[in-house]
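All values reported here derive from a predicted model rather than from experimental measurement. In this chain, residues are counted from 1 in sequence order. Only this structure's heavy atoms are used, side chains among them; waters, hydrogens and symmetry mates stay out.
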Amino acid sequence: MPRHIACLSFDFDTWSGFAARGMTTPTPVSRGEFGLVGARRILALLASRGIQSSWYVPGVVIKTYPDACNDVVKAGHEIGHHGWSHVPPAWLTPQREAEEFARAVETIVELTGGKPRGYRSPSWDLSDRTIDLIAQHGLRYDSSMMGHDCSPYFVRRGDKVVADAPMVFGETTDIIEIPISWSLDDHPHFEFIRSKDEVLPGLSNANAVLENWIADFEYMRRTTEWGMLVYTFHPYVIGRGHRMLILEKLIDELTRMGTEFMTLDQVQAEFRTRDSAR
């Protein structure tokens with residue numbers, strides 16, 4: 001029987017992503033803090049629809065807003081590893097990455113009482129060491145790569161990639177990749193960011209973006225017997241009024257299409273069961 005799954009995931013970054021870009025003045029900090037307002041709206045919407053979701057929270061955010069993060073836990077949502085800071089691992093030294101990874105695990109244990117099951121890299125930029133850290137700390141999945149659109153797969157480690165030679169594939173690990181896409185992320189569609197070096201235009205028409213999000217799910221339904229799609233949202237982005245309306249419309253349209261809503265941890269567990277049965 002066909003089975004099609006939607007994962008609603010929320011990167012609860014608040015100001016940490018701006019700080020990682022060096023944007024620590026009052027306005028970008030306040031912009032990130034709007035995520036606290038957005039999170040309350042999102043939790044209320046999810047509760048009204050009876051949906052469990054996955055939240056990826058940097059350690060610095062958990063320590064800054066423990067009550068808001070505890071609200072996510074009390075509502076029954078998954079808390080995933082999203083770094084200690086929001087600095088991408090690829091920017092960190094090996095020692096700093098290892099230290100931050102471990103510190104974030106400890107912070108999530110303090111919040112939830114257990115280790116996280118999954119990892120999502122800040123800015124979706126893994127280093128060549130990150131998969132090893134995920135395995136060393138006993139996490140079961142990653143959600144930072146884009147090798148498929150609607151099927152999990154097992155992650156490789158140790159690929160050799162240079163510009164002027166064929167790629168050499170590394171070994172396959174036991175870590176499940178639950179793939180993501182920038183096109184299914186609210187941030188590039190909606191957020192205007194101006195810095196000294198770049199401008200990210202954002203500010204797209206929300207209903208046009210909604211059409212794309214629904215169309216990707218419809219394509220998966222037409223082409224797969226079993227498939228899953230991950231939507232990535234940021235509370236300070238999707239939490240704005242007109243965007244909350246499209247999130248509500250997305251949930252209701254997917255529900256009408258017979259969608260099963262699951263956390264990413266639930267998906268990785270189901271995928272492992274399916275893979276072992278083949």
Check whether [X] reaches the backbone of [Y] with its side chain - one donor and one acceptor, N or O, closer than 3.5 Å.
X	Y	answer
S204	A206	no
H81	P58	no
T107	G59	no
D13	S16	no
S144	R120	no
S30	T27	yes
H234	V237	no
E97	P94	no
R117	L139	no
D125	A90	no

Under a single-linkage definition using a 4.5 Å side-chain heavy-atom cutoff for Ile, Leu, Val, Met, Phe, Trp and Tyr, are [X] and [Y] assigned to the same hydrophobic cluster?
X	Y	result
I5	L8	no
I193	I238	yes
V29	F18	yes
M262	L250	no
I176	I79	no

Taking all atoms of both residues into account, what is the closest heavy-atom pair of [X] and [Y], and its distance?
X	Y	result
V57	F12	CG1-O, 3.8 Å
V61	C69	O-SG, 4.1 Å
P2	H4	CB-CE1, 3.8 Å
L264	E78	N-OE1, 3.5 Å
R41	G241	NH1-N, 4.1 Å
L92	R129	O-NH2, 3.0 Å

Going by an N to O cut-off under 4.0 Å, is there a salt bridge joining [X] and [Y]?
X	Y	result
D265	R140	no
R40	D71	no
D186	R243	no
E106	R103	no
R274	E225	no

Test item: [X] and [Y] side chains (from C-beta on) under 4.5 Å apart, heavy atoms:
X	Y	result
I108	K115	no
S123	H86	yes
P152	E177	no
Y153	P179	yes
F169	K160	no
M145	V155	yes
H242	N207	no
F34	R31	no

Verdict with reasoning, V168 to D159, per side chain to side chain contact (heavy atoms under 4.5 Å, CB included)
CA-CA 6 Å; V168 178; D159 288 352; over 6 Å; no
Before you tell me yes or no, could you show the steps for L111 and V73 under side chain to side chain contact (heavy atoms under 4.5 Å, CB included), namely the whole-Å CA-CA distance, both residues' side-chain angles and the distance that decides it to 0.1 Å?
CA-CA 8 Å; L111 174 68; V73 176; 3.9 Å; yes
Of F233, Y236, Y231, W182, which is the lone residue that meets ring-ring contact (aromatic ring centres under 6.0 Å, His included) with H187?
Y236
Please tell me whether [X] and [Y] have a donor and an acceptor in their side chains that are separated by less than 3.5 angstrom.
X	Y	result
S53	W55	yes
S127	T130	yes
E99	Q95	yes
E100	S85	yes
R156	T172	no

If the plane angle is over 60° it's perpendicular, under 30° parallel, otherwise tilted; pick one for H189 and W213.
perpendicular
Atom [atom1] of [X] and atom [atom2] of [Y]: how far apart are they, to the nearest 0.5 Å?
X	Y	atom1	atom2	result
I51	T255	CD1	OG1	5.5 Å
E211	I246	CD	CD1	10.5 Å
R222	Y219	CZ	OH	9.5 Å
H148	S181	NE2	OG	12.5 Å
L229	C7	CG	SG	8.5 Å

Test applied, side-chain contact (heavy atoms from CB on, under 4.5 Å); reference residue, I180; option that passes from D142, T232, D149, D185:
T232
Test side-chain contact (heavy atoms from CB on, under 4.5 Å) applied to Y56 and P122, S9, P116, the passing residue:
S9
Do other residues, nucleotides or ligands put more than 12 heavy atoms under 6.0 Å from the CZ atom of R272?
yes
Whether over 12 other heavy atoms sit under 6.0 Å from R96 CZ:
no
Salt bridge (charged side-chain N to carboxylate O under 4.0 Å, His left out) between K249 and E253, worked out
CA-CA 6 Å; K249 290 177 182 177; E253 178 61 17; over 6 Å; no
Under the side chain to side chain contact (heavy atoms under 4.5 Å, CB included) criterion, do M146 and W124 qualify, and how do the steps go?
CA-CA 10 Å; M146 308 180 188; W124 288 338; 3.7 Å; yes
Before giving the answer on ring-ring contact (aromatic ring centres under 6.0 Å, His included), spell out for Y141 and F154 the whole-Å C-alpha distance, their side-chain angles and the decisive distance to 0.1 Å.
CA-CA 9 Å; Y141 75 86; F154 288 94; over 10 Å; no
Ring center gap for H137 and Y119 short of 6.0 angstrom
no
Please walk me through it: do H77 and L46 pass side chain to side chain contact (heavy atoms under 4.5 Å, CB included)?
CA-CA 10 Å; H77 302 289; L46 296 175; 3.6 Å; yes
